Amino acid sequence: MAQAERPDGPAGAPAPTEPAAAESAVALAAAAPVLAARGIGKSFAGVHALRDVDLTLRPGRVHALVGENGAGKSTLIKVLTGVHRLDTGRIELAGREREFRTPLEAQRAGVSTVYQEVNLVPMMSVARNLHLGREPRRRGLLDLRRMHREAAALLLRYGVDTDVTRPLRELGLGAQQMVALARAVQVEARVVVMDEPTSSLEPREVDTLFSVVRDLTAHGTAVVYVSHRMDELYALCDDVTVLRDGRAVHTGELAPLARRDLVGLMLGRTLLAARERAARQVPDPGARPALRARGLSVRHRVHGVGFDLHRGEVLGLGGLLGSGRSETAKAVVGALGADAGTVEVDGRRLARRSPAAAVRAGVVLLPEDRKAEGIVPGLSVRENIVLAALPRLSRAGMVSRARQDAVVETFMARLRIKAASPDQKVADLSGGNQQKVLLARWLCLAPKVLLLDEPTRGIDVGARAEVRALIDELAADGLGVLLISSDPEELTAGADRVLVLKDGAPVDELTGDRVTPDDLLAALAHETRPGAGDEKTDDEKNGARR
Amino acid sequence: MTPTAPAPTATAPALGAETAAERLAARIQRHGALTVLALLVLLASVFSPGFASTDNLGAILGNNAFVWLLALGLTFVILTGGIDLSVGSMYALGGVLAAWAAERYGTWAALLLPLAVGAGWGCVHGLLIARARTAPFIVTLAGLLGARGLLQLITDEGADTHLVPRGSAFRALGEGTWTPVLISAALFGLGALLLTRTRFGATTTAIGGNEHAATLMGLPVARTKALVYVLSATLACAAGALGGARLGSGVTTVGVGYELTAIAAVVIGGTLLTGGSGSVGGTVAGVLLLSVVHNLIDRSASQYGSAVTDTVNGGFLAAVVLAQALLNRGRRDE
Amino acid sequence: MSVLAPAGVLRGRAPALRLLRRYGVYLALGVLFLAAVLLDAGFLSAGNVRIQLFQVAPTLLVALGMALVIGTEGIDLSVGAVIALAAAVIPLYIGWGLPVALLVAVALGALGGLAGGAMVAFARVQPIVATLALMIGLRGLASLVNGASAKPVTDRALLTLGSDAFLGVPLTAWLAAACVALTAVLVHRTTFGRQLVAVGDNRRAARLAGLPVRRVLLTVYLLSGVLAALAGAVIVGHGAEADPANQGRNIELDAITAVVVGGTPLAGGSVRVLGTVAGALFMQLTAAVLTQHDVPASLTKIVEAVVICAAVYASQERGTR
Amino acid sequence: TNQGDGGPSGHSAAAPDNTAAAQQVVAPSASAAGPGCTADAYGAPKLDLTDGRTVVGFSQSESTSNPFRAAETASIEAEAKKLGVKLIERNANADVNAQNAQIQDLIAQGAQVLIVAPENSDGLGPALAAAKAKKIPVLTIDRSVGGAACSDFVAFIGSDFHGQAEIAADDLAAATGGQAHVAVLQGTPGNNVSADRTKGFTDRLAAKYPNMRVVAAQTANFDQTEGQKVMEQLLQAHPDINAVYAENDGMALGAIQAMRSAGKTPGKDIKIVSIDGIRQAVQGVVDGQLVADIETNPRFGPLAFQSLKDFYGTAGVQPKVIIKDGHFGADNAKQALDQGLVY
Ligand SMILES: Nc1ncnc2c1ncn2[C@@H]1O[C@H](COP(=O)(O)OP(=O)(O)OP(=O)(O)O)[C@@H](O)[C@H]1O
Ligand SMILES: Nc1ncnc2c1ncn2[C@@H]1O[C@H](COP(=O)(O)OP(=O)(O)OP(=O)(O)O)[C@@H](O)[C@H]1O
Ligand SMILES: [Mg+2]
Ligand SMILES: [Mg+2]
């Protein structure tokens with residue numbers, strides 16, 4: 001086992017002292033590149049995803065890869081790691097030219113990857129996922145006991161305290177992301193590639209991740225880091241390559257580059273000055289809420305959550321990973337069988353609890369896991385956008401092409417969806433654009449209440465600003481919006497009120513002046529004091545930040 | 001990993017709420033086929049005289065033990081999200097090859113020839129599915145036709161029947177009740193070990209759970225997929241050979257429709273047809289359950305004619321899968 | 001199963017090859033037809049073409065329903081038993097006239113389909129086992145309804161439907177063609193068709209998008225039952241006998257083969273109606289050529305096996321399941 | 001499948017015809033050649049076949065949706081009822097493994113003597129061994145099994161399939177004047193019955209009718225619909241076919257349908273001979289569509305129980321008892337139908 005042979009590897013000590021990391025980084029800055037890609041080109045059925053891209057990775061340095069949605073970041077990574085074969089260009093690993101035909105070959109050569117979408121096996125146990133393909137063996141057979149022991153201990157360091165024999169799918173997406181990360185870092189790798197690893201993490205996990213990355217670089221590993229979160233990039237990365245429309249438009253050290261300029265390079269234009277948030281009028285508490293949930297309970301997950309959501313209001317739902325936010329949202333639309341609770345829309349109680357009934361009533365949910373629950377991958381962009389609105393766009397069951405095209409055009413323009421044409425398969429879009437397609441699917445229904453579960457997950461800075469502006473705009477138009485986000489900044493900036501959940505139960509509500517990141521963090525932290533089960537959480541924290 | 005790593009806490013906090021009763025319920029759900037089987041055997045022993053006699057149980061076990069091996073191979077195939085429709089034909093082919101070889105070259109040939117042909121045939125399936133990426137349903141449907149065709153070709157369109165010589169030691173493999181049962185049990189045991197305690201088994205399950213992820217994780221996806229079909233075809237051929245030893249001849253018409261029974265058994269045993277979740281133990285419960293059900297229907301409905309037997313059979317199968325699906329309901333989200 | 005095709009398929013392919021894949025069935029069908037004519041010019045005769053159309057019609061009807069079911073990532077093994085059910089009731093009601101007999105058969109087919117659909121949609125039983133149970137049970141039931149033995153059919157209208165031709169093309173082929181057209185419209189032009197494909201491609205997403213997933217599943221199995229019952233009437237009419245014990249046996253495998261050879265992936269999420277027609281014709285021609293040249297049963301099976309593999313390989317777009 | 005189906009015989013028509021003609025023995029093959037097999041010789045305990053407590057087990061090989069099987073089962077049931085013995089039955093639905101298990105289950109249920117219609121000539125070894133171990137005599141009907149008579153099993157009662165095919169060849173030759181292009185519709189491959197019926201026919205042609213040429217021999221699995229399909233294809237490829245030999249009545253009926261849609265008149269343009277003797281086919285003989293139909297007699301009840309009586313008595317049973325099959329030609333078909341001799 002890798003970590004057994006390397007007792008002080010990243011898994012063993014994820015949080016070295018800062019100075020050591022800095023020192024080694026300086027020492028290694030001038031070292032020979034561990035991986036050098038030259039003139040990489042890749043096209044899909046006529047679409048140029050990458051053109052003549054160079055990338056140089058040096059040991060002990062974190063290389064940021066940034067760009068708009070669809071700029072080609074994930075494609076570049078997939079080419080480097082053997083998922084796609086490159087059309088042009090060459091890749092040198094430690095001075096030797098290599099071409100990886102499969103991810104396995106890349107892994108064997110020391111290039112380890114955390115892909116953008118969580119790519120694990122949901123039905124297998126957490127421990128199995130962590131060890132797949134390199135399980136510890138005894139006398140030829142798998143050593144299950146050791147596997148479980150090691151997995152539990154390893155994950156504890158990543159802040160995931162769970163029974164590792166449970167199926168992975170029972171974990172929240174964030175926890176799954178941590179498992180994927182632990183898995184990738186576990187092998188002895190010369191290059192570790194992370195494609196938006198933090199998109200479903202919240203601050204505590206992000207800290208854990210940072211310490212893992214720093215530890216990796218301290219040991220001379222080169223890290224490629226993709227993220228749309230500027231703060232993270234500046235906190236963590238040494239170098240940067242900016243991709244735009246499949247070309248590398250800038251490469252160099254990150255620190256000297258001002259944020260503004262970086263964003264400008266990515267977008268090819270300057271970002272609009274941060275919009276002043278429109279002063280929304282506080283809804284009349286006596287008015288009938290657009291959505292009223294009472295006593296929602298889902299076995300073991302959600303316990304008696306209730307809230308009122310008024311027209312024109314953005315209600316935030318805060319909480320740590322696994323606090324039951326996603327489940328709450330799903331219970332509201334009837335996608336999860338709730339054990340108890342009622343949901344009223346405009347004062348009318350929803351009798352039948354199914355997503356279809358909720359959609360008819362005007363309550364729609366943008367799910368957090370867009371791959372598994374959002375897109376219909378085989379259908380085109382057009383068909384995905386109009387999927388839910390079809391009955392309204394057709395006459396006597398027959399689809400009207402013209403009305404459909406009008407809607408599709410409007411929303412592709414309004415959300416700036418970047419696709420070769422409306423006929424392109426959604427599966428072939430970049431992650432961010434897929435998210436926009438899903439938003440378009442709901443907006444063309446003109447819903448009353450919009451439940452957004454991590455709406456900016458994997459969306460680039462430009463688009464993120466657009467989505468935020470859009471949320472404001474929608475609220476101003478009289479929509480009720482429930483916003484779930486793991487980014488405290490985003491949550492507090494976007495929401496008028498924030499309901500804080502812990503272990504599936506509401507513990508606090510932030511209103512007025514208290515809607516700030518600090519108050520949110522305090523609310524989360526505060527709630528971890530009392531109670532027996534919470535000591536464990538403290539331990540986790542210590543484990544992670546030791 | 002530091003050896004002093006603390007032992008993991010048993011469950012996440014959220015799950016602490018699970019009561020003992022719920023755990024028991026979950027356990028029963030997970031072993032639905034076993035539960036139904038236990039209930040059925042209990043009821044049958046009380047209400048159907050002679051059901052529990054050693055003769056009857058021996059008849060159920062001894063005559064079906066080899067056929068059950070088809071379900072064992074299929075368990076692996078289905079776990080990868082594939083399917084193998086050729087097992088019934090391969091079973092017949094194995095029997096004919098074994099009898100033919102026993103007639104001519106003796107016991108060892110009778111054992112080895114079917115194994116070799118099964119492995120070769122399975123290899124073709126595997127390559128077409130894993131490398132040429134053709135749909136397993138179709139490849140193995142073609143296999144079903146092809147194997148039957150081959151067996152008719154070597155028996156002069158079914159006119160020749162090859163007999164295992166009376167004195168041949170090969171016959172001993174299939175005689176009585178306990179030899180077949182022990183052989184099958186041993187193979188099932190090995191299968192369980194292969195599935196749960198080897199990398200091959202882990203990869204098999206992973207492919208069914210998420211093939212794309214398995215590829216990205218660097219697992220040997222193509223090789224494992226191919227091997228699973230080799231395993232299934234080889235097992236089916238071996239089962240046929242052993243069946244031939246039991247019947248004393250290579251019966252050319254045997255095995256028709258066995259694939260569907262085997263698939264039903266695997267699925268009743270709790271293995272998901274979409275792959276990724278299932279167990280050999282479940283399959284054992286599945287094959288036993290189906291055999292017991294057939295035996296009971298035979299005992300109680302035979303005198304009413306085939307139509308009634310078929311109707312009851314179908315109804316019972318529907319009831320069993322429905323019961324199982326409903327039991328499982330709580331387990332699945334959505 | 002993963003929704004994305006694994007690595008090998010993500011890689012770019014020459015457009016020519018893509019085109020071949022897309023239209024492979026038609027090419028294969030053309031080549032086979034040419035070969036058949038070269039081997040025996042009599043193959044082109046009107047009589048022969050008519051016979052092939054007669055024989056392909058029931059399989060095609062069943063295959064259309066099967067294509068819809070497969071589009072939702074399902075499978076329907078009960079179609080053969082539904083045919084048996086139709087064969088059982090048609091002699092009972094033919095005295096009231098063909099329309100009544102047809103109506104009863106189709107209604108029973110719809111009920112059978114609904115039973116399967118309900119198991120799949122509500123209890124979430126896996127389609128292959130749900131319809132396997134139906135396949136066994138319904139055939140037994142068919143024999144119970146009207147005795148297991150075959151009954152000769154003498155009703156003029158039914159016999160006309162089964163064996164007469166209009167403009168040189170069998171009435172049953174016209175019927176099948178009409179069903180093809182309707183199915184094509186259903187799949188490509190209606191809301192239902194979109195929903196069907198979405199359900200087959202990503203059921204969870206379809207549910208969250210508020211689509212009536214259960215209704216789609218129920219409808220699809222119902223349609224499959226109805227089409228199978230029609231096929232049953234056609235078979236009974238053509239054979240001039242109703243045999244609930246044997247008619248429709250193994251037709252489910254023929255239909256599935258036709259659908260898949262026609263390029264519809266078994267993983268669901270796409271339905272190719274015209275491809276299915278080509279697939280059914282392709283399998284029919286294969287059988288015709290082999291029988292007409294008196295190839296022995298053993299070789300027939302082996303050749304069919306090879307041909308199926310080759311045709312599917314040529315026409316597949318992606319190779320899941 | 002021994003027989004195909006078709007024929008309106010169902011359960012009602014299967015009412016056993018236990019007339020003398022129906023159960024007449026053609027050839028207890030070793031007519032006077034030696035002493036028959038008795039319970040003493042076999043080593044079985046004595047049994048009174050008229051005692052209500054005696055349990056007889058009957059294992060049917062195939063689904064009773066087949067008229068032959070239905071008639072056979074009904075005949076056995078009726079005779080058992082007449083004698084007053086207790087009969088327990090099983091149906092293996094064409095699966096040898098199932099039949100082995102079922103015979104053993106019959107033994108477990110207390111059957112003291114077994115009547116078995118074997119699914120296959122070979123492959124009942126385990127069941128026969130189990131019966132032998134318990135000294136339970138096994139009488140096989142309609143298909144023989146491998147092994148030694150009066151040791152592995154008591155005796156075999158049934159038709160001579162090879163002989164049936166020879167008669168069919170003779171009939172066809174007579175109808176065509178020995179000049180014909182023959183299409184053969186064969187039964188299920190791998191089935192002993194179809195193998196015998198094919199071999200008997202071709203051997204006879206080779207031996208006696210050099211001018212009768214088999215232009216096509218295709219299997220239609222004893223099935224009427226398939227028989228029709230295959231015949232339709234063959235008529236396209238070989239318009240010169242003027243004789244058809246169908247190995248069962250179902251396929252013959254299918255072939256007739258195919259000829260009609262090809263615009264040919266069965267019986268005039270094309271002569272047909274078939275085997276089985278189900279009602280619909282015999283009616284076809286009466287109507288002139290078929291030249292002749294050779295019966296496969298399913299009424300084993302009286303003969304089987306008589307043989308068992310002989311077995312437990314002093315007379316003994318001969319190892320091979322050939323049941324008398326009818327032969328329906330233009331001359332006697334109508335009469336046979338009217339007399340209810342057809343199943
Ligand atoms: N398999 C494919 N087939 C066709 N086009 C593809 C395929 N994969 C990616 N593309 C196209 O390549 C371009 C680059 O996509 P990529 O996923 O690399 O973007 P990205 O930079 O990772 O974006 P994001 O930040 O949204 O993840 C996009 O225009 C996308 O539509
Ligand atoms: N860090 C963790 N440790 C242990 N279990 C976890 C962790 N994170 C999530 N889980 C499990 O995942 C389940 C589902 O979490 P859920 O998706 O409801 O959370 P969420 O609040 O939506 O968080 P997320 O930000 O991941 O979407 C929880 O019930 C919990 O059992
Ligand atoms: Mg990306
Ligand atoms: Mg969540």
Side-chain angles (χ1 to χ4, degrees), chain C residues 39-40 42-43 45 47-52 54-56 58 83-84 87 91 136 139-140 142-144 146-153 159 162-165 170 235-236 238-251 284 287-298 300-301, chain D residues 1 4-14 63-71 183-184 186 188-190 214-239 249-250 253-254 256-258 260-263 278-280 283-284 343:
Chain C
L39 280 171
D40 173 12
F43 206 84
S45 75
N48 186 49
V49 171
R50 217 161 45 92
I51 289 295
Q52 307 315 329
F54 267 126
Q55 294 199 1
V56 83
I83 288 177
I136 301 170
R139 195 171 282 276
S143 296
L144 279 184
N146 192 19
S149 60
K151 312 248 177 322
V153 169
L159 294 186
S163 34
D164 275 14
I235 291 175
V236 169
H238 187 59
E241 61 134 14
D243 180 2
N246 294 298
Q247 277 169 342
R249 261 189 211 282
N250 291 331
I251 202 169
Q284 174 61 34
V289 169
L290 291 171
T291 311
Q292 295 195 359
H293 291 89
D294 200 25
V295 177
S298 55
T300 299
K301 291 203 169 96
Chain D
T1 328
D5 23 50
S9 36
H11 294 293
S12 55
S63 163
T64 46
S65 65
N66 174 338
F68 176 88
R69 296 294 163 191
V184 180
Q186 296 172 323
T188 310
V214 174
V215 292
Q218 285 282 304
T219 175
N221 291 311
F222 286 132
D223 181 74
Q224 178 162 347
T225 313
E226 263 189 73
Q228 182 181 358
K229 276 191 172 185
V230 170
M231 198 66 222
E232 283 173 345
Q233 300 288 7
L234 292 183
L235 286 174
Q236 289 304 321
H238 307 279
D249 284 346
L253 295 173
I256 290 174
Q257 192 61 25
R260 286 217 191 98
S261 58
I278 65 172
R279 186 174 296 266
Q280 211 186 336
Q283 184 62 51
Y343 64 97

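Everything numeric in this text was worked out from a predicted model, so none of it was measured. Below, chains carry the letters A, B, ... as their sequence lines are ordered, and counting in each starts from 1.
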Which bit of C/His293 is near chain D, if near means a heavy-atom gap under 4.5 Å: side chain, backbone, both or neither? neither

Test item: D/Thr225 and C/Asp243 side chains (from C-beta on) under 4.5 Å apart, heavy atoms: no

side-chain contact (heavy atoms from CB on, under 4.5 Å) filter on C/Thr300, not counting sequence neighbours, yields C/Leu290, C/Val295, C/Glu304

How close do C/Arg50 and D/Ser261 get, heavy atom to heavy atom, and via which atoms? NH2-O, 3.7 Å

Take C/Glu241 and D/Gln257 through the test side chain to side chain contact (heavy atoms under 4.5 Å, CB included) and record every step on the way to the result. CA-CA 10 Å; C/Glu241 61 134 14; D/Gln257 192 61 25; over 6 Å; no

Atom of D/Thr219, atom of C/Ala297 and distance for their closest heavy-atom approach: CG2-CB, 3.7 Å

Do you know which of C/Ala287, C/Gly47, C/Ser45, C/Ser143 has the most heavy-atom pairs with chain D at a distance under 4.5 angstrom? C/Gly47

Check the pair C/Gln52, D/Gln233 against side chain to side chain contact (heavy atoms under 4.5 Å, CB included), reporting the backbone distance first and the verdict last. CA-CA 8 Å; C/Gln52 307 315 329; D/Gln233 300 288 7; 2.9 Å; yes

Ignoring hydrogens, what is the shortest heavy-atom contact between D/Gln224 and C/Gly239? Give both atom names and the distance. NE2-O, 4.1 Å

Closest non-hydrogen atom pair between C/Asp294 and D/Gln218, with its separation: OD1-NE2, 3.1 Å

Value rounded to 0.5 Å, distance of CZ in C/Phe54 from NZ in D/Lys229: 13.0 Å

In terms of heavy-atom pairs under 4.5 Å, which option from D/Gly263, D/Pro189, D/Ala183, D/Ala217 contacts chain C the most? D/Ala217

Residue part contacting chain D, namely of C/Arg249, when any heavy atom lies under 4.5 Å: neither

Value for CD (D/Gln236) from CD1 (C/Ile51), rounded to nearest 0.5 Å, stands at 5.0 Å

